[in-house]
Amino acid sequence: MDLMEKNVELVEVQKLEGHTDRVWNVAWNPVSSSPVLASCSGDNTVRIWEQSSLSRSWTCKTVLEETHTRTVRSCAWSPSGKLLATASFDGTTAIWENFGSEFECISTLEGHENEVKSVSWNAAGSYLATCSRDKSVWIWEVLPGNEYDCASVLNGHTQDVKMVQWHPTIDVLFSCSYDNTIKVWWSEDDDGDYQCVQTLDESNNGHTSTVWAISFNAAGDKMVTCSDDLTLKIWETDIAKMHSSEGYVPWTHVCTLSGYHDRTIYSAHWSRDDIIASGAGDDAIRLFVDSKLDSVDGPSYNLLLTKEKAHEMDINSVRWSPGEENRLLASASDDGMVKIWELATKP
Amino acid sequence: MVSGLINENPIVYEKKERRVRAESSNTDELSAEPIDQLEIFDILFLLSLLYIGSFVSPEHFTHHIRDIKDPEHPYSLEELKVVTEDSVEVDDDKSYVRVTFTPTVEHCSMATIIGLCVRVKLLRSLPARYKIDIRVAPGTHATEDAVNKQLNDKERVAAALENPNLVEMVDECLLPSFE
């Protein structure tokens, strides 16, 4: 499928109804053979959706409730696919284990002073990171016997931290905030002593308002960030050098995608085959691809398509499925719906 | 702690003569009338904010509000010129509204509360398709950028509205406007 021919469209596969308040986040299980999706909501619950291999339709398999006492803002599957971490405005992060068709809350991480906004597992599943309106980022070590120890409390952001995201291949942690910056945290020795090694702010072509999300490409040498300043920004690093060298290799700004959005961009996700999806406050989903034109100014990205009115209200999260075969995209909205989309060639 | 009113002598403006709407020739009950500036203003006009400005810090404010029975200045936002018809920009086709409000005092610590009340009132009154922006009139508040940023961060607003004390305060402020 040659994307640059623009002969593709985003087709709605199914609308998943069930949540009784806005849906903030969706997360695909990374390993299951048939697609499994988790969604979390302002109704204080998490729903697990599965696609039936027979009927090809999606149904809600379980509702994780009676644990969080306030909005569940974010959810993330462990790399093994066996655990689900959920971050809540109630100040806690719950860890759920999948036992067949049931989920049980096996641990609750406490410590943040107020709303937890995001949770992320590192590539090996040995660390968890969380962030909060209390301006801090916490790193938790995953120990045997369902033990989670706080390994580090990282201070540096001057405002509410919106999202944390571990790098896909190296134990480097990224966070983005209401203070308009993106911070990079790294531990020089493996003693778990994380420090802020870089801050991407206005002075390095960074965002000029709240940064809502970060997403890496599969190779881990590029990342996209989205913001209330109505732009997407692409950043890159020399990942080979980072893997081999002794020290930290900084990230640099590659390009800024502006003029495509006129409301806050809440989510951006980089697919395995290099399509960037964005979800914004104008109810639309947009897809961008590398233009692959050699330019002295460096790489540039083109708008592949815009799906207007993908939802009735703001889109809070867009996530590409990890599956190899079809290009599925899940979206979550203030309208209480989760939608599954397929990127298909036009007939 | 500073005692006394934040604004001892508010300027009270005459209420604008209420315009009578022309009889609509549209007799189709199923078609919605487009929402215009006057309608948004009417929604906000009834919002009476109780100016109980004896306190500087927000924490004290939420604690003490229950103790005060008689408001100092029981004027509506219109009479205090906090909101006027001109401060409402609405485009029904685009489902967009922006309200610009003018706090009576430059350092008014109530600005975020007023803004939150305006937002909640509009959220409860307008169709879900509406995009709402709230801002402080440029040049009228010492920390207007900070206030505007908070008022338009929907995650912050959502978290604030899960705080029962804050919701109670907002509901008290909005109560006269729903009668």
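All of these numbers come straight from a predicted model, not from anything done at the bench. In what follows, every chain begins at residue 1, and chains take the letters A, B, ... in the order their sequences are listed.
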Checklist line | Segment of Tyr178(A) engaging chain B (4.5 angstrom heavy-atom cut-off) | finding: both
Notebook entry, point to check: Salt bridge between Lys162(A) and Asp153(B), side-chain N to carboxylate O under 4.0 Å?
Noted result: yes
Next item on the list: Evaluate the side-chain proximity of Lys154(B) to Arg22(A): yes if any heavy-atom separation is below 4.5 Å, no if none is.
Entry: yes
Notebook entry, point to check: Under 3.5 Å, is there a donor-acceptor pair between the side chain of Lys131(B) and the main chain of Asp282(A)?
Noted result: no
Margin query: Is Asn316(A) in contact with chain B via its backbone, its side chain, both, or neither, using a 4.5 Å heavy-atom distance?
Written below: side chain
Notebook entry, point to check: Checking Asp228(A) against chain B: side chain, backbone, both or neither under 4.5 Å from a heavy atom?
Noted result: neither
Checklist line | Distance (rounded to the nearest 0.5 Å) between Asn152(B) CG and Thr210(A) OG1 | finding: 10.5 Å
Next item on the list: Could you check if a side-chain atom of Lys117(A) sits within less than 4.5 angstrom of a side-chain atom of Glu155(B), using non-hydrogen atoms only?
Entry: yes
Margin query: For Glu312(A), I'd like to know if atom CD has over 12 heavy atoms of other residues, nucleotides or ligands within 6.0 Å.
Written below: no
Notebook entry, point to check: With a 4.5 Å heavy-atom cut-off, do Asp335(A) and Arg129(B) have their side chains touching?
Noted result: no
Checklist line | Closest contact, heavy atoms only, Ser209(A) versus Lys149(B) | finding: OG-CE, 4.0 Å
Next item on the list: State, to 0.1 Å, how close Glu115(A) and Ala159(B) come at their nearest heavy-atom pair, and which atoms those are.
Entry: OE1-CB, 3.5 Å
Note to self: Does any part of the side chain of Tyr130(B), heavy atoms only, come nearer than 4.5 Å to the side chain of Met313(A), both counted from C-beta?
What the structure shows: no
Next item on the list: Please answer whether the main-chain N or O of Arg156(B) pairs with a side-chain N or O of Arg133(A) as donor and acceptor at a distance below 3.5 Å.
Entry: no
Next item on the list: Report the C-alpha distance between Asp133(B) and Arg263(A) in whole Å, list the side-chain angles of each, state the deciding distance to 0.1 Å, and finish with yes or no for side-chain contact (heavy atoms from CB on, under 4.5 Å).
Entry: CA-CA 10 Å; Asp133(B) 284 344; Arg263(A) 301 291 296 177; 3.1 Å; yes
